Amino acid sequence: MTATVDDVADPTVIAFPSPDGVRATQPAKTPRVLAVANQKGGVGKTTTAINLGTALAAIGEDVLIIDLDPQGNASTGLGIDRRSRNHSTYDVLTGEAALRDAVVPTAVPRLHLAPSTLDLSGLELEIGQARDRAFRLRSALTPLNAAGGTRFSYVLVDCPPSLNLLTVNAMAAANAILVPLQCEFFALEGLSQLLKTVESVREQLNPGLTIHGIVLTMFDARNNLSGQVVADVREFMGAKVYDTIIPRNVRVSEAPSYGKPVLVYDLKCSGSEAYLRLATEIIQREKKLCVG
């Protein structure tokens, strides 16, 4: 039988070092929803969703990753076998299952996943004429923390590499967008199109939507172009760019083939350290947003 979100913890799960200080208790409230989005492929969306989620869990947050990519890379990257995906995000968006029914635990304590299947690729044809087609994910998220069991403080939505109905659903449900941006040529060109889409969603579907931040990925210190991209993006986006930069790291690339986040595969590598810094930076920004 497939494990569910409220099952007793598996004794084989990975144990992280305890976070410093006392873990803050979370009241029953709506989780913060961050959509990890960029219409370009190969920029590190799924890698960022998996490893940021793991890093947030490692510092004491209860995190849910929602896999909205039909390729299901976030699901396989967290070791969730396709045969065990009895309910998926496709079932959730078509109304055949509640979101909590699709959620399964991962090998990382405090990190859960709503997996994807290839059925998602046909979703637009199935619900494209429905009046609530852009709000299916928002509706599914509404009862999440009121249904008992784990109360999530963060939900990360791994979007597909296109600006389709799935990505629009993520943006309509999100509090903010987290944009992974590869340190390569044409990075700003793709970012401009994404910003236009975010503005359109804000005007028509989700007035509260913001850009949480831009995370620069696949940075190669040996490549002069990487440094130029960093400078250009910081000039263009200013304070929206996170201080943390994710380096190009072979351990980050290897980890998904083992069905593990890089923080589990090699906690001491430069990629793991960068994602832990990013998680800390995101928590700090969240505190400033709450104060503001």
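In this text, all values refer to a predicted model and were calculated from it rather than measured experimentally. Counting begins at 1 with the first residue of the sequence.
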Pairwise side-chain contact, [X] with [Y], heavy-atom cut-off 4.5 Å (strictly under):
X	Y	answer
Cys183	Asp220	no
Leu137	Leu93	yes
Gln182	Asn38	no
Met237	Leu191	yes
Pro70	Leu166	yes
Ile282	Leu178	yes
Leu165	Ile127	yes
Arg277	Tyr242	no

Between [X] and [Y], is there shared hydrophobic-cluster membership here, with clusters defined by ILVMFWY side-chain heavy atoms closer than 4.5 Å?
X	Y	value
Leu68	Val43	no
Met218	Leu276	no
Val262	Val63	yes
Val252	Tyr265	no
Val230	Val241	yes

**OP:** With sequence neighbours left out, write down each residue that passes side chain to side chain contact (heavy atoms under 4.5 Å, CB included) with Ser200, or none if nothing qualifies.
**Re:** Gln204

Test your reading of the model: is there a side-chain donor-acceptor pair from [X] to the backbone of [Y], 3.5 Å cut-off?
X	Y	value
Ser153	Asp62	yes
Asn164	Thr167	yes
Glu61	Tyr154	no
Lys45	Lys40	yes
Arg133	Ala130	yes
Asp67	Leu113	no

Please round to the nearest 0.5 Å and tell me the distance separating atom [atom1] of [X] and atom [atom2] of [Y].
X	Y	atom1	atom2	result
Arg136	Leu99	CZ	CG	14.0 Å
Asn51	Ile65	CG	CD1	8.5 Å
Phe236	Leu195	CZ	CG	6.0 Å
Leu64	His112	CG	NE2	8.5 Å
Leu209	Met171	CG	CE	7.0 Å
Ile214	Ile177	CD1	CD1	10.0 Å

Considering all heavy atoms, the nearest [X]-[Y] contact:
X	Y	value
Pro115	His87	CG-O, 3.7 Å
Leu52	Ala279	CD1-CA, 3.7 Å
Pro143	Ser139	CD-O, 3.3 Å
Arg234	Leu216	NH2-CD1, 4.4 Å
Cys269	Asn249	SG-OD1, 3.5 Å
Arg100	Thr150	NH2-O, 2.8 Å

Original post:
If we ignore angles and hydrogens, is there a donor and acceptor under 3.5 Å between the side chains of Glu286 and His212?
Top reply: yes

Original post:
Can you find a side-chain donor-acceptor pair between Asp232 and Gln228 that sits under 3.5 Å?
Top reply: yes

Original post:
Does the side chain to side chain contact (heavy atoms under 4.5 Å, CB included) test come out yes or no for Leu141 and Thr30, once each step is laid out?
Top reply: CA-CA 8 Å; Leu141 280 165; Thr30 303; over 6 Å; no

**OP:** Apply side chain to side chain donor-acceptor pair (under 3.5 Å) to the pair Tyr275 and Thr48, showing each step before the final yes or no.
**Re:** CA-CA 8 Å; Tyr275 277 112; Thr48 296; 3.2 Å; yes

Original post:
According to the salt bridge (charged side-chain N to carboxylate O under 4.0 Å, His left out) rule, which pairs have a member within residues 243-257, sequence neighbours left out?
Top reply: Glu184-Arg248, Arg251-Glu254, Arg251-Asp266

**OP:** Keeping to residues at least two apart or across chains, list the salt bridge (charged side-chain N to carboxylate O under 4.0 Å, His left out) pairs with something in residues 166-178.
**Re:** none

**OP:** Test Leu156 against Ile50 for side chain to side chain contact (heavy atoms under 4.5 Å, CB included), laying out the working first.
**Re:** CA-CA 9 Å; Leu156 305 180; Ile50 289 173; over 6 Å; no

Original post:
Do the charged groups of Glu199 and Lys196 touch, with an N to O distance under 4.0 Å?
Top reply: no

**OP:** Answer yes or no: are there more than 12 heavy-atom neighbours, outside Asn224 itself, under 6.0 Å from its atom CG?
**Re:** no

**OP:** Give the C-alpha distance, both sets of side-chain angles, the deciding distance and a yes or no for side chain to side chain contact (heavy atoms under 4.5 Å, CB included) between Asn206 and Arg138.
**Re:** CA-CA 10 Å; Asn206 185 0; Arg138 181 192 292 184; 3.8 Å; yes

**OP:** Evaluate side chain to side chain contact (heavy atoms under 4.5 Å, CB included) for Leu205 paired with Phe135, printing each intermediate quantity in order.
**Re:** CA-CA 8 Å; Leu205 304 173; Phe135 299 105; 3.5 Å; yes

Original post:
Knowing that exactly one of Pro161, Ser162, Ser75, Cys159 qualifies, which makes a side-chain contact (heavy atoms from CB on, under 4.5 Å) with Asp69?
Top reply: Pro161

